[in-house]
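Being a predicted model, the structure only gives us computed values, none of them experimental. Naming convention: chains lettered A, B, ... in sequence-line order (proteins, then strands); numbering from 1 in each chain.
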Amino acid sequence: MNEAHARIYAAIAAIPRGRVASYGAIAARAGLPGRARLVGKLLGETPEGMILPWYRVLRSSGQVALPTGSRGFREQCRLLRAEGVVVKNGRVPLASFGMDANLDRALWGMPD
DNA sequence: CGTCTGACCAGTG
DNA sequence: ACACTGGCCAGAC
């Protein structure tokens, strides 16, 4: 566990309930712009019992990164839907649930 | 040292 | 919408 790892974990832990963020956004928030792969690498080796909202991290396209249909994939969809996030075909509409979707919510009063 | 491999990404066509 | 490119970099070998 080094400094970069700690900052990445902190950035993920900071994603509000019912919202999602991309790997790239997490990396940037952790002060490591352009290093989305490092975020993915870290999550890949995240211990089972670790308390972390890993499922709120998606690709920049809104797609769930895990292989479609895999156990992790289904678990991620389940956890997201459990907090009100819409997941359709393994994908989340970032315009409504992304962390930078404030304007959308103000105009349309979507999730909260 | 060199090479390969990722829960990735933005740009281009 | 899809395919490809070059960029990213820590670890395994």
Side-chain angles (χ1 to χ4, degrees):
Chain A
M1 170 81 91
N2 58 38
E3 187 60 30
H5 292 196
R7 299 231 298 274
I8 289 172
Y9 283 133
I12 294 173
I15 305 173
R17 195 186 145 75
R19 302 246 212 127
V20 297
S22 71
Y23 290 85
I26 292 301
R29 241 170 109 76
L32 303 163
R35 297 172 59 178
R37 303 191 78 141
L38 181 55
V39 176
K41 184 127 202 306
L42 218 58
L43 288 184
E45 63 189 34
T46 294
E48 283 285 335
M50 159 115 60
I51 310 291
L52 195 73
W54 59 271
Y55 55 86
R56 295 187 187 137
V57 186
L58 308 168
R59 288 186 182 161
S60 61
S61 60
Q63 269 285 142
V64 166
L66 278 57
T68 306
S70 66
R71 189 168 105 221
F73 174 93
R74 289 193 304 276
E75 177 72 346
Q76 181 160 18
C77 293
R78 184 179 72 70
L79 290 167
L80 286 173
R81 289 200 261 248
E83 44 183 59
V85 175
V86 170
V87 186
K88 190 164 77 173
N89 293 320
R91 175 173 188 189
V92 171
L94 297 184
S96 301
F97 301 97
M99 288 188 70
D100 302 315
N102 297 300
L103 182 57
D104 287 60
R105 273 191 300 286
L107 291 174
W108 296 91
M110 294 299 275
D112 72 42

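Across the interface with DNA chain C, nearest-nucleotide mapping of A:P33 and A:E45 shows A:P33 to be the residue nearer the 5′ end. Heavy-atom distances to DNA chain C give each of A:K41 and A:G34 a nearest nucleotide, and the one nearer the 5′ end belongs to A:G34.
Closest contact between the side chain of A:R37 and the listed nucleotides B:dC9, B:dG6, C:dA10 involves B:dG6. Picking from B:dC8, C:dC9, B:dA7 the nucleotide with the shortest atom distance to the side chain of A:W54 gives B:dA7. With distances taken from any side-chain atom of A:Q76 to the nucleotides B:dA7, B:dC9, C:dC9, the minimum falls on B:dA7.
For the pair A:R74 CZ and B:dA7 C1', the interatomic distance rounds to 16 Å; values are reported in whole Å. Between the CD1 atom of A:I12 and the P atom of B:dA7 there is a distance of 14 Å, rounded to whole Å. Going from atom CZ of A:R91 over to atom C1' of C:dC2 covers 13 Å, rounded to whole Å. At whole-Å resolution of the value, CG in A:N2 and C1' in C:dA10 are 9 Å apart. The CG-C1' distance, from A:L66 to B:dC8, rounds to 13 Å in whole Å. Taking atom CG of residue A:L42 and atom P of nucleotide C:dG11, one finds them 9 Å apart after rounding to whole Å. Going from atom CG of A:L32 over to atom C1' of C:dG7 covers 16 Å, rounded to whole Å. Look at CZ on A:R35: it is 13 Å from C1' on C:dG11, rounded to the nearest Å.
When all heavy atoms are compared, the tightest approach of A:V85 to A:G18 is CG2-O, 3.5 Å. Closest heavy-atom contact between A:Y23 and A:A65: OH-CB, 3.2 Å. Of all the heavy atoms in A:I26 and A:A21, the pair that sits closest is CD1-CB, 3.9 Å.
Checking the phosphate oxygens (OP1, OP2) of B:dC9, no side-chain nitrogen or oxygen of A:S61 falls inside 4.0 Å. Phosphate proximity of B:dC8 to A:S60: absent, as no side-chain N or O sits under 4.0 Å from OP1 or OP2.
Distance alone, capped at 3.5 Å, places no donor-acceptor pair between the A:R91 side chain and the A:G62 backbone.
In summary, of the residues considered (A:L58, A:V92, A:N89), a side chain to side chain contact (heavy atoms under 4.5 Å, CB included) with A:V64 occurs for A:L58 alone.
The same atom, P, is picked in B:dA7 and in C:dG6; the two are 22 Å apart, to the nearest Å.
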